Amino acid sequence: MSFVEYGDTIKDGDTAIVFLGHESMFPVKVQHGTVTQTKYGVIRHSTDLIGKKYGSKVTCSKGGWVFILHPTPELWTMNLPHRTQILYSTDISIITMMLELKPGSIVCESGTGSGSLSHALIRTVAPTGHLYTVEFHQKRAEKAREEFREHGVEHLVTVTNQDVCKSGFGVSNIADAVFLDIPSPWEAIGHAKSALKAEGGRICSFSPCIEQVQRTCLAMEEYGFTEINTLEILLRVYNVRTISLQIPDLGKAAEDNSSTGFDSSNPSHQGSPCANLQQGTVQFKSGVPLREVVGHTGYLTFATKNLV
């Protein structure tokens, strides 16, 4: 099983996603002889999972059922164990696009954190690209290596445990793009420039505070980066609902209905707009924004390495 290459059947040692609903899912490591408890009952790995196809509908011991999904970076972002604050798909999608990543790209990242963005970057640059990710915290770096190995992508990523602000990324003049998610990104801009390839490249810095953005932009200008711009992604979700609105009294609705030959007693007319006029209301499909929405996550600052 790999987060990059799709596997048809569930195997011992795989990481799978137990899907109970869009708002309820969790990862599980498939192991022979192991059981997983859900609100619908027990899932026995040996008989219910191993050898079954991904996407299968599995019946639990209480009679309820779940789907077993193949892991993807998007599903992993929603289910991974949080060691740090993570980036979600809304920001990840714009990062991969604005950094102009593609299969074969070389990317440097700091810090690794919980590996949410890392998995998406690996999937984007596979099968011939590579991710060099730097994590300051030793235990988080070790855990990231372990997860990459379990997920079958260790050949596409190199994890380094060091301070990127002092020691850089450990590579020079090879990266197509650099991503920074650290408290003081302005201290790593020089190392980022050194890691980028000689003929140019793109850089992105993620910061939650505008003061961090200001200092980072000044450092980018100092090191000769161009096309510096900052943006913020705000996601607003709408629910589609059926709402009833009262029809205003325009005075001659009944006469108009008679003149057009409308027969409200005819069953074929019961669902027509004219029938609703007789009731004084009409129904519409309407998009209604959620009362509570996810607000600010962070600012994304992008820039291009100057070729001069």
Side-chain angles (χ1 to χ4, degrees), residues 1-7 10-40 42-45 48-50 54 58 60 66-93 95-96 107 109-124 126 131-162 164 179-183 206 208 235 294 297-298:
M1 187 277 301
S2 171
F3 275 55
V4 174
E5 299 175 357
Y6 181 81
I10 305 171
K11 299 180 178 62
D12 189 15
D14 282 2
T15 297
I17 305 297
V18 180
F19 181 89
L20 292 82
H22 287 289
E23 302 297 328
S24 180
M25 63 184 89
F26 59 89
V28 62
K29 185 173 181 179
V30 179
Q31 293 179 311
H32 185 77
T34 301
V35 298
T36 296
Q37 295 283 349
T38 75
K39 63 181 181 181
Y40 300 127
V42 172
I43 301 174
R44 295 174 176 82
H45 293 201
D48 297 333
L49 298 183
I50 297 176
Y54 279 106
V58 173
C60 305
V66 299
F67 288 103
I68 307 300
L69 305 181
H70 193 285
T72 64
E74 291 78 14
L75 287 175
W76 185 244
T77 290
M78 298 172 63
N79 293 281
L80 58 77
H82 285 228
R83 300 183 288 273
T84 60
Q85 292 291 330
I86 69 169
L87 290 176
Y88 290 90
S89 296
T90 304
D91 288 317
I92 291 173
S93 60
I95 290 169
T96 55
V107 187
E109 174 197 27
S110 183
T112 311
S114 301
S116 173
L117 176 65
S118 303
H119 282 81
L121 294 177
I122 292 170
R123 194 263 308 275
T124 303
L131 172 66
Y132 294 90
T133 183
V134 178
E135 173 56 52
F136 174 79
H137 194 276
Q138 181 179 356
K139 290 186 177 180
R140 287 202 293 262
E142 292 173 352
K143 185 60 178 178
R145 290 193 191 97
E146 178 184 341
E147 285 181 349
F148 293 143
R149 183 170 57 254
E150 290 179 352
H151 298 165
V153 296
E154 72 277 10
H155 62 292
L156 296 169
V157 57
T158 300
V159 182
T160 304
N161 173 219
Q162 63 187 30
V164 70
F179 177 79
L180 299 174
D181 183 6
I182 54 178
F206 176 91
L235 180 65
V294 177
T297 58

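From a predicted model like this one, the values you see are computed outputs, not experimental measurements.
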| Which pair of heavy atoms, one from Asp48 and one from Val42, lies closest together, and at what distance? | OD2-O, 4.2 Å
| Heavy-atom pair of closest approach, residues Tyr40 and Cys60 | O-CB, 3.2 Å
| task | Return yes when atom CD of Glu5 has more than 12 non-hydrogen atoms of other residues, nucleotides or ligands closer than 6.0 Å, and no otherwise. | result | no
| query | Does Arg140 reach the main-chain N or O of Thr112 with its side chain, forming a donor-acceptor pair under 3.5 Å? | reply | no
| Just how far is it from atom CG of Leu49 to atom CG of Asp14, taken to the nearest 0.5 Å? | 10.0 Å
| query | Does a donor on one side chain sit under 3.5 Å from an acceptor on the other, for Ser118 and Glu109? | reply | yes
| task | Write down the atom of Thr96, the atom of Ser93, and the distance for their closest heavy-atom approach. | result | OG1-O, 3.0 Å
| message | Test side-chain contact (heavy atoms from CB on, under 4.5 Å) on Ile182 and Phe136; report intermediate values, then the result. | response | CA-CA 10 Å; Ile182 54 178; Phe136 174 79; over 6 Å; no
| note | Tightest non-hydrogen contact, residues Ala141 and Val159, listed as O-CG1, 3.8 Å
| Which heavy atom in Leu75 sits nearest to a heavy atom in Asn79, and how many Å separate them? | O-ND2, 2.7 Å
| field | Inter-residue atom distance Phe19.CZ - Met25.CE, 0.5 Å rounding | value | 5.0 Å
| field | Any residue meeting side-chain contact (heavy atoms from CB on, under 4.5 Å) with Ser89, in chain and number order, not counting sequence neighbours | value | Glu74
| side-chain contact (heavy atoms from CB on, under 4.5 Å) between Ile43 and Val18: does it pass, once the steps are laid out? | CA-CA 10 Å; Ile43 301 174; Val18 180; 4.1 Å; yes
| If you measure from CG on Asp91 to OG1 on Thr297, what distance do you get to the nearest 0.5 Å? | 4.0 Å
| request: Given side-chain contact (heavy atoms from CB on, under 4.5 Å), test Phe26 with Leu20 step by step and report yes or no. | output: CA-CA 9 Å; Phe26 59 89; Leu20 292 82; 3.6 Å; yes
| query | If you draw a 6.0 Å radius around NE2 in His82, do more than 12 non-hydrogen atoms from other residues or ligands fall strictly inside? | reply | yes
| said: Under a 3.5 Å distance rule, please check whether Ser114 uses its side chain to pair with a backbone N or O of Ser116 as donor and acceptor. | reply: no
| request: Check His45 against Thr36 and note the closest heavy-atom contact, atom names and distance. | output: NE2-OG1, 2.7 Å
| message | Donor-acceptor check, side chain of Thr34 to backbone of Val30, threshold 3.5 angstrom: yes or no? | response | no
| message | Salt bridge or not between Glu147 and Arg83? Use side-chain N to carboxylate O under 4.0 Å. | response | yes
| query | Does the side chain of Leu156 come within less than 4.5 Å of Leu131's, by heavy atoms? | reply | no
| field | Non-neighbouring partners of His151 that pass ring-ring contact (aromatic ring centres under 6.0 Å, His included), sequence neighbours left out | value | Phe3, Trp76, His119
| Between OG1 of Thr77 and OH of Tyr88, what distance do you get to the nearest 0.5 Å? | 8.5 Å
| query | To the nearest 0.5 Å, how far apart are OG1 in Thr15 and CD1 in Ile10? | reply | 11.5 Å
| request: Run the salt-bridge test on Glu146 and Lys143 with the 4.0 Å N-O cut-off and return the result as yes or no. | output: yes
| query | If only atom types and distance count, is the side chain of Asn161 paired as donor or acceptor with the main-chain N or O of Glu135 below 3.5 Å? | reply | yes
| said: Nearest 0.5 angstrom please: Phe179 CZ to Ile95 CD1, how far? | reply: 4.0 Å
